[in-house]
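A quick write-up on the structure given underneath.
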Amino acid sequence: MPELAEVEFFRKRWSAGHGAKVLAVRLHAGKKIFRDCDPAQLTRHLTGAKLLSSTTAAKQMLFEFSGTGLPRAESRWLGVHLGMTGELRVEPPGYEAAAHDHLILVQRERLLVFKDPRMFGGVRFHHGKTAPVWWTRIAPAILSPAFTVEVVAAFLQRRARAPIKAVLLMQERFPGIGNWMADEVLWRAAIHPQRPAGSLSVAEVRTLHRECRKVCRLALDTIAGEGDYLPPDLNAHIPKSWLFWHRWSDGGRCPRTKQPLVREEVGGRTTCWSPARQKRG
DNA sequence: ATTGATGTTGTCGG
DNA sequence: GCCGACAACATCAA
């Protein structure tokens, strides 16, 4: 489920616990979720710590906790990646862990729950003054000034022979873009997903760059909500005019041309496009 | 029973 | 060493 805006949606749920202490940590040690960290260390350092703040970058979240007192300048950092099926929830006190609730941070007024059935996601832990390298080395956001047409053009040249759809999924340059967002971008830009990345014209690269930014902005506003507002569900406010609602199964129609959509594997992922709008060429 | 799913990573061949 | 293709990972729902 989780791409850029969905990740932000889930982060916002846990932000209900900002300013509150973690009384206890409950986890399923040994689960694959913990492959990149030591569950015992995570438990030791987060118990008694206060959740200070959180941010997202690409498809990842970072939660910062203060210590219980000792080295004042040191923070504890919890990184979360939701993989394919991960989600964060808030449950009331007394909640008992259900299947696949692999990590729970217990606070006095709520429980912060991380659930992930397929366990392609994971958590990481770091202890120190500043955010860990596995966080700081994430590529600059698509909505940041660093994401320029020039940078995109250069990247497409380096990946010239790969289908543009596959290139859009590369987190090193398009952080946060996932399968449905890539399709949404190409559909809006009217570019065929199988086009080699190096074959796009200068004008097409400019359009692609613009639509990347637009889709990120629109997705964040409608899925994660503006400001403090958090929509009741992930999809609650996604307009029917997006490809999103029409791409998941065969037989869909392009919301713009009303012509049939095609679904086929491109770059190893199911890809949906509108042949009437996205031509090869 | 079979198939596919909103993601990443390691491996292999060119 | 870089690039691109693909299998593997673990579970559930249609």
Side-chain angles (χ1 to χ4, degrees), chain A residues 1-11 28 30-37 56-61 79-88 98-103 114-124 134-135 137-139 142 154-187 193-199 212 215-216 218-220 222-224 231 233-238 242-252 261-273:
Chain A
M1 204 187 287
E3 302 178 20
L4 183 87
E6 288 117 349
V7 172
E8 173 63 5
F9 173 90
F10 288 123
R11 181 201 68 80
H28 295 156
K31 288 296 184 183
K32 202 183 159 187
I33 295 297
F34 299 104
R35 62 191 174 278
D36 292 323
C37 78
T56 60
K59 294 171 187 170
Q60 303 182 57
M61 290 168 271
V80 179
H81 193 300
L82 298 172
M84 196 92 99
T85 54
E87 65 172 52
L88 300 188
H100 313 302
D101 289 344
H102 298 308
L103 173 67
F114 173 33
K115 168 186 173 179
D116 185 8
R118 288 176 76 181
M119 296 189 285
F120 290 176
V123 298
R124 302 178 122 143
W134 46 255
W135 180 261
R137 76 174 169 223
I138 295 172
I142 289 174
F155 190 73
L156 297 200
Q157 279 317 305
R158 186 147 72 85
R159 303 294 183 159
R161 294 159 62 96
I164 185 62
K165 166 63 186 277
V167 173
L168 280 179
L169 293 174
M170 296 177 180
Q171 300 301 294
E172 62 196 278
R173 187 43 66 203
F174 300 97
I177 299 289
N179 204 31
W180 77 256
M181 286 181 83
D183 284 358
E184 199 79 38
V185 167
L186 291 172
W187 173 72
Q194 288 174 325
R195 295 268 305 281
S199 76
C212 279
V215 168
C216 285
L218 289 171
L220 282 169
T222 65
I223 294 172
D233 301 294
L234 279 169
N235 307 335
H237 305 306
I238 299 181
W242 292 20
L243 179 64
F244 181 90
W245 290 112
H246 313 273
R247 66 175 304 283
W248 302 105
S249 53
D250 294 342
L261 295 165
V262 166
R263 278 163 37 93
E264 218 173 279
E265 190 155 299
V266 179
R269 308 296 301 280
T270 298
T271 299
C272 179
W273 71 93

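Remember, it's a predicted structure, so these values are computed and weren't measured experimentally. Per chain, numbering begins at 1; letters A, B, ... match sequence-line order.
Distance, A:Leu168 CG to B:dG7 P: 13 Å, rounded to whole Å. In this structure, CH2 of A:Trp248 is placed 15 Å from C1' of C:dA13, rounded to the nearest angstrom. Atom CD of A:Glu6 and atom C1' of B:dG7 are 12 Å apart (whole Å). Computed from coordinates, the A:Asp116 CG to B:dA5 P distance equals 18 Å when rounded to whole Å. Between the CE atom of A:Met119 and the C1' atom of C:dT11 there is a distance of 8 Å, given to the nearest Å. Between the CZ atom of A:Arg269 and the P atom of B:dT8 there is a distance of 8 Å, rounded to whole Å. Separating the CD atom of A:Glu264 from the P atom of B:dA5 is a distance of 13 Å, rounded to the nearest angstrom. Rounded to an integer number of Å, the gap from A:Trp180 CH2 to B:dG7 P is 11 Å.
For the atom pair A:Phe244 CZ and A:His246 NE2, the distance stands at 10.5 Å (nearest 0.5 Å). A distance of 11.0 Å separates NE2 of A:His81 from CG of A:Asp36, quoted to the nearest 0.5 Å. For the atom pair A:Asp250 CG and A:Glu264 CD, the distance stands at 10.5 Å (nearest 0.5 Å).
In the set C:dG4, C:dA10, B:dG7, the nucleotide with an atom closest to the side chain of A:Glu3 is B:dG7. Closest to the A:Thr270 side chain, of the nucleotides B:dG7, C:dA10, B:dA5, is B:dA5.
A donor-acceptor pair under 3.5 Å is absent between the side-chain atoms of A:Asp116 and the main chain of A:His102, judged by distance alone. Not a single donor-acceptor pair under 3.5 Å links the side chain of A:Thr85 to the backbone N or O of A:Gly83. Under the 3.5 Å distance criterion, the side-chain polar atoms of A:Glu3 are matched with a main-chain donor or acceptor of A:Met181. At least one donor-acceptor pair under 3.5 Å links the side chain of A:Glu184 to the backbone N or O of A:Leu243.
One P atom belongs to C:dA10, the other to B:dT11, and the distance between them is 16 Å to the nearest Å.
Residues A:Val7 and A:Gln60 come closest through the heavy atom pair CG1-O, 3.8 Å. Of all heavy-atom pairs spanning A:Arg11 and A:Thr56, the tightest one is CD-CG2, 3.4 Å. A pairwise comparison of heavy atoms in A:Ile177 and A:Ala182 identifies CG2-N, 3.7 Å as the closest pair.
For the pair A:Lys32 and A:Ala99, nearest-nucleotide mapping onto DNA chain C gives the more 5' position to A:Lys32.
Within 4.0 Å (heavy atoms only), A:Pro117 reaches sugar-phosphate atoms of the nucleic acid but no base atom. A:Gln171 comes within 4.0 angstrom of the backbone, heavy atoms only, and of no base. Residue contacts for A:Met84: at a heavy-atom cut-off of 4.0 Å it reaches a base atom on one of the strands shown. Using a 4.0 Å heavy-atom criterion, one finds that A:Arg263 contacts the sugar-phosphate atoms exclusively. Using a 4.0 Å heavy-atom cutoff across all strands shown, A:Thr85 reaches no nucleic acid atom at all.
Applying the 4.0 Å criterion to OP1 and OP2 of B:dT8, one finds that A:Lys59 has a side-chain N or O inside that range. Distances shorter than 4.0 Å separate none of the side-chain N or O atoms of A:Arg118 from OP1 or OP2 on C:dC9. Between A:His100 and C:dT11 there is no side-chain N or O to OP1 or OP2 distance below 4.0 Å.
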Check nucleotides 5-8 of chain C for protein N or O atoms closer than 3.5 Å to its own N or O atoms and list the pairs.
none

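In this structure, A:Phe174 and A:Ile142 have side chains that are in contact, with non-hydrogen atoms separated by less than 4.5 Å.
Where stacking is scored as ring centres under 5.5 Å apart with planes under 30°, A:Phe120 registers as stacked on the base of C:dC9.
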Once pairs are restricted to Watson-Crick or G-U wobble with both distances under 3.5 Å, how does DNA chain C read as a dot-bracket string, [ ] for crossings and | for other-strand pairs? .||||||||.||||
